[in-house]
2 protein chains.
Amino acid sequence: MNPLPPLGALRAFEAVARLGSVVKAAESLHVTHSAISHQLRTLEGFLGLSLFLREGKKLLLTEEGRIYALRVRGALGDMAEATQRLQSCPKPHDITIGVVPSFALHWLLPRLPDFKAKYPQYTVNLRAGLGFEDMSNGLLDLAIRMGTGNWEGLQQQHLMDETVLLVAAAHFMPRPQTLAEVQTAVVIANPAIQWTSWCQAAGLADWRPKPAYTYNDSNLEVEAVRLGHGIALSRLSLVSAAIEAGSLVKITEIEVPYQYPYWLIWPEKSSASRKLADFSAWIIGQANDFVNGRNS
Amino acid sequence: MNPLPPLGALRAFEAVARLGSVVKAAESLHVTHSAISHQLRTLEGFLGLSLFLREGKKLLLTEEGRIYALRVRGALGDMAEATQRLQSCPKPHDITIGVVPSFALHWLLPRLPDFKAKYPQYTVNLRAGLGFEDMSNGLLDLAIRMGTGNWEGLQQQHLMDETVLLVAAAHFMPRPQTLAEVQTAVVIANPAIQWTSWCQAAGLADWRPKPAYTYNDSNLEVEAVRLGHGIALSRLSLVSAAIEAGSLVKITEIEVPYQYPYWLIWPEKSSASRKLADFSAWIIGQANDFVNGRNS
DNA sequence: GGTTCATGTTAGTTTTGCTCACATAAAGAC
DNA sequence: GTCTTTATGTGAGCAAAACTAACATGAACC
């Protein structure tokens, strides 16, 4: 006799036990409530006993069910953790980098072939995201994040500052020519970018745009600008390549600092690995070139 | 993303890791080696790495695979143990009895309706087997075993003695009439039964049968006798009902003690449960009736 | 009393896991 | 050295399991 029930049924059961509801468990596991209901029925049939008291539409774990759920949860957790640990174990020739999605798309991606040419032995894994937990749990070799630095438990090095400027698509009509016309243009705003400094620098201290669109994802913002949907106060690193290519244009030469520069971060406990050194040296060089190109 | 691979694949992987071979893992899990091979491929695909080094037809675990297998084994073991514990938790109205298979078939089964009539509230679960581990791990309420008693860690009570005698099918021809004819009859022997005492009691101290068949399973032995395949020195409790019914006959009235009587055993730590008391009282009464019927 | 929400069930569909058949190659026997 | 045995891997087809859709039932809420 098989000492284990169908393992999928255990996973369903544990989710119901933890969340208190077939519907919630279904949502959690991305299946219909009917699938969960079937799994519970299969499991209880296999075990030859009920794991829940049914009171109308309420499901209440029996005491035996509660204890079983704790044991199953522990075991499933162990397997998941072992799986994650296995998948994240360091490979000397892979380098896994967490990056701000927009920075990855517009600044890093076009430059990566240069890294690859200089360091052909590395497999480069980009992981788009904004969080820090993948750094803590060992899934990343290093990350590029925006902020003010001073993150606890991480080593960090300033990579480069960022600025923001007004941009539009080259084909955008009517293209604002004066600050007065800027004030009547269709604006695409990003809630993460404050207009205060730019308005002051432009001599429009008392004016704030009333955006036609707000996008919290910078990739959406930049793409909307590129499509000619409006103008935006965008980060230079995201638009500089398009400006050089001629598909976007600066509306004015006014640039102001963005309050959150880019940082390289890596685990405090990280051994001084070769790949960390290689990538850091390369990207710092690239950042310096970018900044110097901007200032000449 | 699902943090767990297909759990069936983990089970397959763990078996290969433990047994060192796809073929052995397949045997262990009662599937073809092809199923295991597919599961390994699925798992390695999910994980994005190899768990084994393949050298010709050898499979060698990588170091990462070895560590992962240990974690998975622990987790699967926890689930299996939790499942078993859940399934074996005591139910007040179930009584689970471990019984010697032959005794169950020939002695206990015919009497169980009497128990059921007297104690209708119990669900009776018979578990045929000879071992003691199911007693230790809480799967049984009590057991009937043969032996000399004095088992450590168990409470025990002598149930009844056993005797052995020569029997044949009523239709068996030629039926031995004399001890001389016994010596030329087709003999079905059970390795667990010594002829020494019987031969001495029969005045044939220098004779031992050369069996045409030996069966280590008493059910096979008794059935073979019933089918007229030969004569056997069988345990009385197994054949008495058939003798009374006329399908088997005693070849002689010579009966000698069997060296291993029947015992009731139950866990030392067992609380004095009602069902234990009920069943013990009943079966001791039945055993006494059987023995008294034999002696009158 | 009507509506909403949760669980359970049946029937049909989709996916997964399995077997079968075969391929390949290494190890063992002669 | 050749033949046989044994192990692993793969593709195709089938069966079983898991899933969804639709509906039923009943409790809770308005």
Side-chain angles (χ1 to χ4, degrees), chain A residues 1-62 65-66 68-69 72 76 79 83, chain B residues 1-62 65-66 68-69 72 76 79 83:
Chain A
M1 186 183 87
N2 191 0
L4 279 164
L7 297 175
L10 287 179
R11 198 172 65 158
F13 160 65
E14 187 280 323
V16 175
R18 170 165 42 90
L19 299 169
S21 147
V22 166
V23 167
K24 285 172 180 165
E27 288 164 2
S28 167
L29 296 177
H30 309 293
V31 295
T32 63
H33 86 276
S34 171
I36 299 297
S37 191
H38 279 301
Q39 291 281 25
L40 289 187
R41 186 188 171 94
T42 297
L43 180 58
E44 286 176 320
F46 175 95
L47 295 170
L49 54 82
S50 278
L51 295 162
F52 296 92
L53 293 167
R54 269 90 170 170
E55 289 176 7
K57 65 180 191 182
K58 276 184 192 166
L59 276 186
L60 299 168
L61 270 172
T62 62
R66 190 184 68 79
Y68 190 52
V72 168
L76 287 173
M79 285 178 179
T83 303
Chain B
M1 187 183 89
N2 191 359
L4 279 164
L7 298 175
L10 287 179
R11 198 172 63 161
F13 161 65
E14 188 280 325
V16 176
R18 170 165 41 90
L19 300 168
S21 147
V22 167
V23 167
K24 287 174 180 163
E27 286 165 3
S28 169
L29 296 178
H30 309 294
V31 294
T32 63
H33 85 276
S34 169
I36 300 296
S37 189
H38 280 300
Q39 292 281 25
L40 289 187
R41 185 190 174 94
T42 297
L43 181 58
E44 287 178 318
F46 175 95
L47 295 170
L49 53 83
S50 278
L51 295 162
F52 297 92
L53 293 167
R54 269 89 170 171
E55 289 176 7
K57 65 180 191 178
K58 278 184 191 166
L59 277 185
L60 299 168
L61 271 172
T62 62
R66 191 183 68 79
Y68 191 52
V72 167
L76 287 171
M79 284 178 179
T83 302

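Chain A is the first sequence line, chain B the second, and so forth, proteins listed ahead of strands; every chain is numbered from 1.
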Please list, pair by pair, any protein nitrogen or oxygen found under 3.5 Å from a nitrogen or oxygen in nucleotides 16-19 of chain C.
unit_1	atom_1	unit_2	atom_2	d
dC18(C)	OP2	Q39(B)	NE2	2.9
dT19(C)	OP2	T32(B)	N	2.6
dT19(C)	OP2	T32(B)	OG1	2.7

Sequence neighbours left out, what passes side chain to side chain donor-acceptor pair (under 3.5 Å) with [X]? Give chain and number order.
{"X": "R41(A)", "result": "none"}
{"X": "E44(B)", "result": "R54(B)"}
{"X": "T83(A)", "result": "Y68(B)"}

Partners of H38(B) by side chain to side chain contact (heavy atoms under 4.5 Å, CB included), sequence neighbours excluded?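 Checked H38(B) against side chain to side chain contact (heavy atoms under 4.5 Å, CB included); matches are S34(B).
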Could you identify which residues of residues 16-24 of chain A place a heavy atom less than 4.0 Å from some atom of DNA chain D, listed by residue number, or say none?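 Going residue by residue through residues 16-24 of chain A, none turns out to have a heavy atom under 4.0 Å of DNA chain D.
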Compare every heavy atom of [Y] with every heavy atom of [X], then report the nearest pair and how far apart it is.
{"X": "P6(A)", "Y": "T42(A)", "value": "CG-CG2, 4.1 Å"}
{"X": "E14(B)", "Y": "A69(B)", "value": "CG-O, 4.3 Å"}
{"X": "G65(A)", "Y": "F13(A)", "value": "O-CZ, 3.4 Å"}
{"X": "L4(A)", "Y": "R11(B)", "value": "CD1-CD, 4.4 Å"}

Out of curiosity, [X] [atom1] to [Y] [atom2], how far, rounded to the nearest 0.5 Å?
{"X": "L43(B)", "Y": "I36(B)", "atom1": "CG", "atom2": "CD1", "answer": "11.5 Å"}
{"X": "L61(A)", "Y": "R18(A)", "atom1": "CG", "atom2": "CZ", "answer": "12.0 Å"}
{"X": "K58(B)", "Y": "L53(B)", "atom1": "NZ", "atom2": "CG", "answer": "11.5 Å"}

Can you tell me how far [atom2] of [N] sits from [atom1] of [X], to the nearest Å?
{"X": "F13(A)", "N": "dT7(C)", "atom1": "CZ", "atom2": "C1'", "value": "17 Å"}
{"X": "E27(A)", "N": "dT7(C)", "atom1": "CD", "atom2": "P", "value": "10 Å"}
{"X": "L43(A)", "N": "dG8(C)", "atom1": "CG", "atom2": "P", "value": "13 Å"}
{"X": "L60(A)", "N": "dA6(C)", "atom1": "CG", "atom2": "C1'", "value": "13 Å"}

Does R41(A) make a side-chain N or O approach to OP1 or OP2 of dG8(C) shorter than 4.0 Å?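 For R41(A), the contact criterion (side-chain N or O under 4.0 Å from OP1 or OP2 of dG8(C)) is not met.
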Could you work out how much the helix from dG1(C)-dC30(D) to dC30(C)-dG1(D) bends, comparing the axis of its first five pairs with that of its last five, to 10°?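 Rounded value for the end-axis angle: 30°.
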Can you spot which of L60(B), T62(B), L40(B) makes a side-chain contact (heavy atoms from CB on, under 4.5 Å) with F52(B)?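 Single pass found, and it is L40(B).
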Can you give the first and last nucleotides of DNA chain D, 5' to 3', that have an atom under 4.0 Å from a heavy atom of chain B?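 From 5' to 3', the first and last contacting nucleotides are dT6(D) to dA12(D).
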Side chain to side chain donor-acceptor pair (under 3.5 Å) pairs, two or more places apart, involving residues 22-32 of chain B: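 Not a single pair qualifies under side chain to side chain donor-acceptor pair (under 3.5 Å).
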